[in-house]
K.L.:
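Here you go, one structure.
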There are 2 protein chains.
Amino acid sequence: MRRPTIADIARQAGVSKGAVSYALNGQPGVSEATRARILAIANEIGWRPNIAARALNGARAHAVGLALCRPARFLGVEPFFMELISGIEAELSARSYALLLQVVGDHEAEMGVYRRWWGEGRVDGAILVDLHLDDPRVPQVEELGMPVVVLGHPSAAGSLVPVWADDSAAVRETVEYLVALGHRRIARVAGLPQLSHTAIRDRAFGDVCAGLGLDACPIVHTDYTGEEGARATRRLLSSPERPTAIVFDNDIMAVAGLSVAQEMRLDVPADLSVVAWDDSPLCQVVRPPLTVLTRDIPAYGAHAAQRLLALIDGVEARPLEDEAPRLTTRGSTAPPA
Amino acid sequence: MRRPTIADIARQAGVSKGAVSYALNGQPGVSEATRARILAIANEIGWRPNIAARALNGARAHAVGLALCRPARFLGVEPFFMELISGIEAELSARSYALLLQVVGDHEAEMGVYRRWWGEGRVDGAILVDLHLDDPRVPQVEELGMPVVVLGHPSAAGSLVPVWADDSAAVRETVEYLVALGHRRIARVAGLPQLSHTAIRDRAFGDVCAGLGLDACPIVHTDYTGEEGARATRRLLSSPERPTAIVFDNDIMAVAGLSVAQEMRLDVPADLSVVAWDDSPLCQVVRPPLTVLTRDIPAYGAHAAQRLLALIDGVEARPLEDEAPRLTTRGSTAPPA
DNA sequence: CCCCTCGGCTGAACCGGTCCAGTGACCCTC
DNA sequence: GAGGGTCACTGGACCGGTTCAGCCGAGGGG
């Protein structure tokens, strides 16, 4: 059962292919009566435009790409990506754009994917995530000439359109809140040090702590996994000057840290306050529920998709600073005992 | 800067388009010398085949679709989908197939997506997940004539190619293990009752409990969220005949249940044993670490992708029963006090 | 009444590949 | 040395749309 084409419609309607094309695309050149007849036939025989044929005429591919460059076992852990994707999706599907997804092993493979997608005309643009310091992808993508929106701070985005949130403000809010509660020894269990947002949060953390005249404010870097989060927490809590509050860079490490504290017979929040970055159902089911830095991740994705679509349409896409993460206090933070 | 086409290569090599096509596709019809020359030129100018042009010749779209039909906030929670996707991906990208992803609100929208993808020639096939009892998508997809692999039990897959795991065996293994430990009152906190795998697990649970002559073995249905998992656990633990072991249908509910038990001053595993379905880093960071039913989810996705690619290639794709989930015991299960 | 305009439509080129029929050139063979 | 076969390659149709130039007829203006 062949898929119907405009030639089939043309034959049935007794007009030319050209007329059918005009009718179906809402362009002038056919009378209303003919247009209605053609639309009725198209509808009846279940015609759909063949995107390949459309794309061949220099038109858009009506798809954008997203390549994720973290090992599968890390990806699954964090709700972040799934939420981000659903936000991107919502925006794309409203405009009938498809999302091409690929999980890659490293940046080289990721660039290979972009080159292929772009070269084959599969996508009209892409969204770059997890920016690194001096990210090699930025100049390479710039050279490729593909429309790209970057999820990350403008300082690392080169000439690409950035969509970002003010992590520094969030760090400041958190530390100031903890200090207001009476904490003086605050630690940070951070993610991968080569990620640009890790660096930004690190610097903000250092600056705020110094500005408030706090004692040692150690930062430990991890790979975002529960195991490393647990190990980092164990180390921090075993030190002679153990912190009374720890800020974690994601939820799974925060939960792991919570478990470690309880294992070490420390009461949370009396002996240790815990803050997690990014809210997730997980943070609310553990006891005590975790104080978190909340972001609207789907909105974040949606905004990136909007900017990308604008870019593809040739509209000048301006950088977008999204809402800064907000501190949501729950049971895991309190004045130190 | 226009993308190079085979016409450009032909001009530079001084041959016809046809010869270039043969050379680039490894087909006979050109001498090795000419082929080498053409490949060198193609490589030099960075030529990539335009998939639209290829697809137009009745060739494959070289993409498969996956539509996920759960609200975004549920999707993010479970690592399942991300792991599944990365497994599917690994198989697809090895064959240079792309994955089209869409998050939809309901089955009707999902069918709309499939109709569009298939009608537009965007995909060569799709993978159907989260089968329901009497799933309306099955007959509709059959009618569409699109190659489809179903992740779910053959009994619900109609004429579509199923890839599934023996959940019944996993349920049996779990209950028998708990009974061997000395448990007599075992409960199950299940997922959405309309899902076919929930029904299968429910039935297996009932059968095994009855077969072993156990007392009341209640089943509570939820929407997979931590909140409902917590509520279900609270209800079960408040009943006069409270269970000494609970088997949860996912990890987040198991963690929520664990928290509820600890809140109610019940010791896990002394007063209550907890088993989670699907291992995830989460299960290992909480205290005690959870006994789980482990599946190799990426492999599951990879197998589905393999079957789908076979189907697309016109090879008869046989149903595939994947490995049954294995019980991995950790600290959350023990003989009842 | 004739010319001009314009709406409505046709026919064909075009996008970038694939693939088939056909054409020489060359070699082998009887 | 004529006939047949193979090899290497060419030219062009084709896929399913879009788009443009051009054509025809009706209606309006002078």
Side-chain angles (χ1 to χ4, degrees), chain A residues 1-39 41-42 45-63 96 116-124, chain B residues 1-39 41-42 45-63 96 116-124:
Chain A
M1 191 177 63
R2 234 182 70 268
R3 288 199 267 255
T5 72
I6 57 164
D8 299 324
I9 302 176
R11 205 175 321 110
Q12 279 197 43
V15 295
S16 69
K17 275 171 57 181
V20 174
S21 177
Y22 292 139
L24 293 170
N25 292 297
Q27 290 192 24
V30 285
S31 65
E32 279 314 308
T34 310
R35 186 188 303 276
R37 192 155 44 92
I38 289 172
L39 286 175
I41 295 173
I45 66 177
W47 175 86
R48 309 260 168 171
N50 179 316
I51 40 135
R54 280 210 169 141
L56 206 48
N57 292 290
R60 310 265 73 105
H62 283 271
S96 287
R116 193 159 62 78
W117 280 348
W118 182 242
E120 292 179 348
R122 246 184 219 282
V123 300
D124 300 325
Chain B
M1 191 177 67
R2 237 182 68 269
R3 289 199 267 256
T5 72
I6 57 164
D8 298 326
I9 301 177
R11 204 175 323 108
Q12 280 197 43
V15 295
S16 69
K17 273 171 57 182
V20 174
S21 177
Y22 293 139
L24 293 170
N25 291 298
Q27 289 190 26
V30 284
S31 65
E32 279 314 310
T34 310
R35 186 187 303 277
R37 191 155 44 91
I38 289 172
L39 286 175
I41 294 172
I45 66 177
W47 176 86
R48 308 260 168 171
N50 179 317
I51 40 135
R54 280 209 169 142
L56 206 49
N57 291 292
R60 311 265 74 107
H62 282 272
S96 287
R116 192 160 62 78
W117 279 348
W118 182 242
E120 292 179 349
R122 248 185 216 282
V123 300
D124 300 323

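In this text, all values refer to a predicted model and were calculated from it rather than measured experimentally. Proteins get letters first, then strands, A, B, ... in listed order; numbering begins at 1 in each. Atom set for the values below is all heavy atoms of this structure, side chains included, hydrogens, waters and symmetry mates excluded.
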K.L.:
Output the rounded distance in Å from CD1 (B:Ile51) to C1' (C:dC15).
P.N.:
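For the pair B:Ile51 CD1 and C:dC15 C1', the rounded distance is 14 Å.
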
K.L.:
To the nearest 0.5 Å, what is the distance between CD1 (B:Ile41) and CZ (B:Arg11)?
P.N.:
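Between atom CD1 of B:Ile41 and atom CZ of B:Arg11 there are 11.0 Å.
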
K.L.:
Extract from the structure each pairing of a protein N or O with an N or O of nucleotides 4-6 of chain C at less than 3.5 Å, listing the distance.
P.N.:
none

K.L.:
Does B:Arg48 use its side chain to pair, donor to acceptor, with the backbone of A:Trp118 at less than 3.5 Å?
P.N.:
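Answer holds: no.
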
K.L.:
If you compare all heavy atoms of B:Ala61 against all heavy atoms of A:Arg122, which two are closest, and at what distance to 0.1 Å?
P.N.:
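Minimum heavy-atom separation between B:Ala61 and A:Arg122: O-NH1, 3.4 Å.
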
K.L.:
Tell me the interatomic distance from A:Ile9, atom CD1, to D:dT18, atom P, rounded to whole angstroms.
P.N.:
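Going from A:Ile9 (CD1) to D:dT18 (P), I get 10 Å.
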
K.L.:
Of the listed nucleotides (D:dC9, D:dG16, C:dC9), which one gets closest to any side-chain atom of B:Ser31?
P.N.:
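Looking only at side-chain atoms, B:Ser31 lies closest to D:dC9.
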
K.L.:
Output yes when a side-chain donor or acceptor of B:Arg60 lies under 3.5 Å from a complementary backbone atom of B:Asp124, and no otherwise.
P.N.:
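Side chain of B:Arg60 to backbone of B:Asp124, a donor-acceptor pair under 3.5 Å: no, none is there.
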
K.L.:
Any donor and acceptor pair, going by atom type alone, linking the side chain of B:Arg35 with main-chain N or O of B:Gln27 inside 3.5 Å?
P.N.:
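Yes; at least one donor-acceptor contact below 3.5 Å.
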
K.L.:
Whole angstroms only, please: what is the CZ-C1' distance between B:Arg3 and C:dG16?
P.N.:
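Answer to the nearest Å: 11 Å.
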
K.L.:
Check whether any side-chain nitrogen or oxygen of A:Thr34 sits under 4.0 Å from OP1 or OP2 of C:dC9, and answer yes or no.
P.N.:
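For A:Thr34, the contact criterion (side-chain N or O under 4.0 Å from OP1 or OP2 of C:dC9) is met.
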
K.L.:
Mind listing the closest non-hydrogen atom pair of A:Gly46 and A:Pro4 along with its distance?
P.N.:
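For A:Gly46 and A:Pro4, the tightest heavy-atom pair comes out as O-CG, 3.8 Å.
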
K.L.:
Which atoms form the tightest heavy-atom contact between A:Leu24 and A:Ala42, and what is the distance?
P.N.:
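Here A:Leu24 and A:Ala42 meet closest at CD2-CB, 3.8 Å.
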
K.L.:
Where along nucleotides 17-27 of chain C does protein come under 4.0 Å, by heavy atom, of base (B) or sugar-phosphate alone (S), with - for untouched nucleotides?
P.N.:
BBBB-------

K.L.:
Between atom CZ in B:Arg37 and atom P in D:dA8, what is the gap in whole Å?
P.N.:
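Distance, rounded to whole Å: 13 Å.
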
K.L.:
Taking side chain to side chain donor-acceptor pair (under 3.5 Å) as the definition, give me every residue that meets it alongside A:Thr5, ordered by chain and number, with sequence neighbours left out.
P.N.:
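Counting only residues at least two positions away or on another chain, A:Thr5 forms no side chain to side chain donor-acceptor pair (under 3.5 Å).
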
K.L.:
A:Leu56 has an atom CG; how far is it from atom P of C:dC14, in whole Å?
P.N.:
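Going from A:Leu56 (CG) to C:dC14 (P), I get 14 Å.
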
